[in-house]
Chemist: 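Just dropping this structure here.
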Amino acid sequence: MKAKAADISVQAWQSDGVLLEQYCYTAGTVEPLPKHCHEEYQFGLSFDCAGQYHYRGASHDIPIASMSIIHSGEVHAPSDRTFLPEPITFWMMTIHPKWFQAASADLAAPEISPFFPDIYLADPQLNQLFITLQQKTDLQSQLERDTNL
């Protein structure tokens with residue numbers, strides 16, 4: 001008997017070069033994504049499943065509750081997993097490099113695109129900021145959303 005495909009639920013919203021996504025998978029079979037790259041930086045937070053990326057020429061394990069970091073223009077792919085034994089939830093954020101360049105200009109520094117030497121960060125305070133940013137509600141004003149970002 002063939003295993004049932006996982007159901008995938010995605011919520012996403014975008015604002016001026018920042019894309020926020022929330023993914024929920026049920027248990028079941030999944031198709032691995034091929035290697036690819038994109039102009040934006042990508043940050044991901046897994047809530048209940050260790051992640052894995054093929055990135056910078058190697059396979060990297062990402063512990064649960066750690067924020068993964070993929071640089072702009074870097075070739076990468078998620079794991080080769082084809083079956084999820086349990087449901088998983090993870091949230092992603094992609095940020096156009098212009099955000100980092102604008103931030104450095106605001107600090108009167110040369111325009112830069114940052115380099116993150118680590119593949120992931122295990123920082124509960126950073127995770128909480130990421131969760132706050134992702135929890136877009138209709139009760140928030142545009143100013144509150146912009147401040148969180």
Side-chain angles (χ1 to χ4, degrees), residues 5-33 35-56 58-107 109 112-149:
D7 290 324
I8 305 167
S9 168
V10 180
Q11 292 184 27
W13 50 96
Q14 186 169 4
S15 175
D16 188 31
V18 176
L19 174 64
L20 301 171
E21 303 166 296
Q22 297 179 354
Y23 292 86
C24 295
Y25 285 69
T26 64
T29 61
V30 292
E31 290 289 324
L33 292 174
K35 289 182 179 180
H36 63 283
C37 68
H38 33 79
E39 184 178 13
E40 299 83 10
Y41 285 80
Q42 184 176 43
F43 301 87
L45 180 60
S46 177
F47 291 92
D48 45 22
C49 177
Q52 187 179 57
Y53 280 99
H54 301 287
Y55 179 56
R56 296 183 182 163
S59 182
H60 302 277
D61 294 324
I62 311 296
I64 295 171
S66 296
M67 184 163 307
S68 62
I69 304 166
I70 305 286
H71 282 131
S72 169
E74 291 273 353
V75 175
H76 62 281
S79 75
D80 294 330
R81 267 184 270 207
T82 58
F83 183 75
L84 301 173
E86 301 287 332
I88 65 169
T89 301
F90 62 93
W91 294 356
M92 301 296 296
M93 177 172 61
T94 57
I95 302 177
H96 193 278
K98 72 179 183 180
W99 274 87
F100 294 112
Q101 293 161 355
S104 64
D106 287 347
L107 297 171
I112 59 163
S113 293
F115 178 77
F116 298 93
D118 297 317
I119 304 299
Y120 67 88
L121 300 172
D123 183 333
Q125 186 176 7
L126 179 62
N127 290 353
Q128 188 54 54
L129 291 170
F130 186 76
I131 290 167
T132 299
L133 177 63
Q134 288 270 4
Q135 292 175 330
K136 178 180 174 184
T137 69
D138 293 333
L139 301 177
Q140 289 179 318
S141 69
Q142 188 61 47
L143 177 60
E144 288 172 308
R145 290 181 192 146
D146 291 346
T147 300
N148 287 340
L149 190 56

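Model, not experiment: these values are computed from the prediction. All residue numbers in this chain count up from 1 along the given sequence.
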Chemist: Identify which one of S59, S79, S68 satisfies the side chain to side chain donor-acceptor pair (under 3.5 Å) criterion when paired with Q52.
Modeler: S59
Chemist: Going by salt bridge (charged side-chain N to carboxylate O under 4.0 Å, His left out), name the residues that satisfy it together with K35, two or more places apart in sequence or in a different chain.
Modeler: none
Chemist: Using the side chain to side chain donor-acceptor pair (under 3.5 Å) criterion, which residues pair with D48? Sequence neighbours excluded.
Modeler: none
Chemist: Which heavy-atom pair separates L133 from L20 by the least distance, and what is that distance?
Modeler: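 Shortest heavy-atom contact: O-CD1, 3.8 Å.
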Chemist: Just by modelled atom types, is the Q134 backbone N or O under 3.5 Å from a matching donor or acceptor in the Q22 side chain?
Modeler: yes
Chemist: OH/Y23 to OG1/T89 distance, rounded to the nearest 0.5 angstrom?
Modeler: 13.0 Å
Chemist: So, does D123 use its side chain to make a donor-acceptor pair with the main chain of L126 at under 3.5 Å?
Modeler: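 Yes, D123 side chain to L126 backbone: donor-acceptor pair under 3.5 Å.
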Chemist: Between P114 and Y41, which heavy-atom pair has the shortest distance, and what is it?
Modeler: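 The pair with the smallest heavy-atom distance is O-OH, 2.8 Å.
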Chemist: Looking at I62, is its backbone amide N or carbonyl O close enough to the side chain of S66 to form a donor-acceptor pair, meaning the two atoms are under 3.5 Å apart?
Modeler: no
Chemist: Less than 4.5 Å apart, any side-chain heavy atom of I119 and any of I69?
Modeler: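 I119 vs I69: side chains apart.
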Chemist: For H76, run the side chain to side chain donor-acceptor pair (under 3.5 Å) check against H60, H36, H54 and tell me which one passes.
Modeler: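 One option only clears the test, and that one is H36.
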Chemist: H96: what forms a side chain to side chain donor-acceptor pair (under 3.5 Å) with it, not counting sequence neighbours?
Modeler: E39
Chemist: Working note: I64 + F47, criterion side chain to side chain contact (heavy atoms under 4.5 Å, CB included); need CA distance, chi angles, decisive distance, verdict.
Modeler: CA-CA 6 Å; I64 295 171; F47 291 92; 5.9 Å; no
Chemist: Under the side chain to side chain contact (heavy atoms under 4.5 Å, CB included) rule, what do F116 and F43 come out as? Steps first, then yes or no, please.
Modeler: CA-CA 11 Å; F116 298 93; F43 301 87; 4.1 Å; yes
Chemist: Students often mix this up, so state it plainly: with edges at 30° and 60°, are the rings of Y55 and H71 parallel, tilted or perpendicular?
Modeler: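 Geometry flag for H71 against Y55: tilted rings.
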Chemist: Could you give the distance from OG1 (T26) to CG (L84), rounded to the nearest 0.5 Å?
Modeler: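 One finds 8.0 Å between OG1 of T26 and CG of L84.
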Chemist: Taking the inter-plane angle between the rings of F90 and Y25 on a 0 to 90° scale, is it parallel (under 30°), tilted (30 to 60°) or perpendicular (over 60°)?
Modeler: parallel
